[in-house]
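Chain letters run A, B, ... following the sequence lines, proteins first, then strands; residues in each count from 1. Note that this is a predicted model, so its numbers are computed, not measured.
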Amino acid sequence: MKYWLMKTEPGTYSIEDLAKEKRKTTCWEGVRNYQARNMMRDDFKKGDRVLFYHSGGKDPAVVGTAKIAKGAYPDHFAWDSGSKYYDPKSSPENPRWFMVDVQLDKAFEQPVTLSQMRNEPQLEQMELLRKGSRLSVQPVTESEFEVVLKMAEAAKNKA
DNA sequence: GCCAACGTTGGC
DNA sequence: GCCAACGTTGGC
């Protein structure tokens, strides 16, 4: 099993939106970066665990966990000229972009903020904290995943 | 709103 | 293949 972090702007799609979905599952369309695509297409497997991250806003944070409910398949939004993710270079015969299905696992009672993570020595190597790290989908180590869970737990008990 | 850090595009 | 121009992401 692998571990990932997936970013979303809560104004566009939040963890609350995910919680409202049927079976708390949604397809993760719209990734239009080759590095991210390659990771999703080649490495994302059903059952992988995900840190669900809210970017932008005044307190960017990991707000919960999810899992991969379905491995990569073509992102058909790329074929829809009415979609904001439309890409004329992609076609059903030769799909350029891929997506996965994501299912909510647990929304944290207390988010683990970016600044808290920056202050955690055990997360020093985390991709998210690297300068210029912009990938919307990125790998996380198992220990980083566990540390974030513990931080969420600690924040909850403190609150 | 600013801007650093990328990524992409397209002329040459 | 180089690189300038432009676009995007996302923290601050």
Seminar exercise, completed: Under a 4.0 Å heavy-atom criterion, the protein footprint on nucleotides 5-12 of chain C, written with B, S and -, is --BBBSSS

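Every residue two or more places apart in sequence or in another chain was checked for a side chain to side chain donor-acceptor pair (under 3.5 Å) with A/E9, and none qualifies. Take A/S83 and apply the side chain to side chain donor-acceptor pair (under 3.5 Å) test, not counting sequence neighbours, and it matches no residue. Contacts of A/Y53 classified as ring pair (Phe, Tyr, Trp, His ring centres under 6.0 Å), with partners at least two apart in sequence or in another chain: none. In this structure, the side chain to side chain donor-acceptor pair (under 3.5 Å) partners of A/D105, at least two apart in sequence or on a different chain, are A/R49, A/T65. Scanning for ring pair (Phe, Tyr, Trp, His ring centres under 6.0 Å) contacts around A/F145 gives A/Y3, with sequence neighbours left out.
At the heavy-atom level, A/K84 lies nowhere under 4.0 Å from the strands shown. Counting non-hydrogen atoms under 4.0 angstrom, A/K58 reaches nothing in the nucleic acid.
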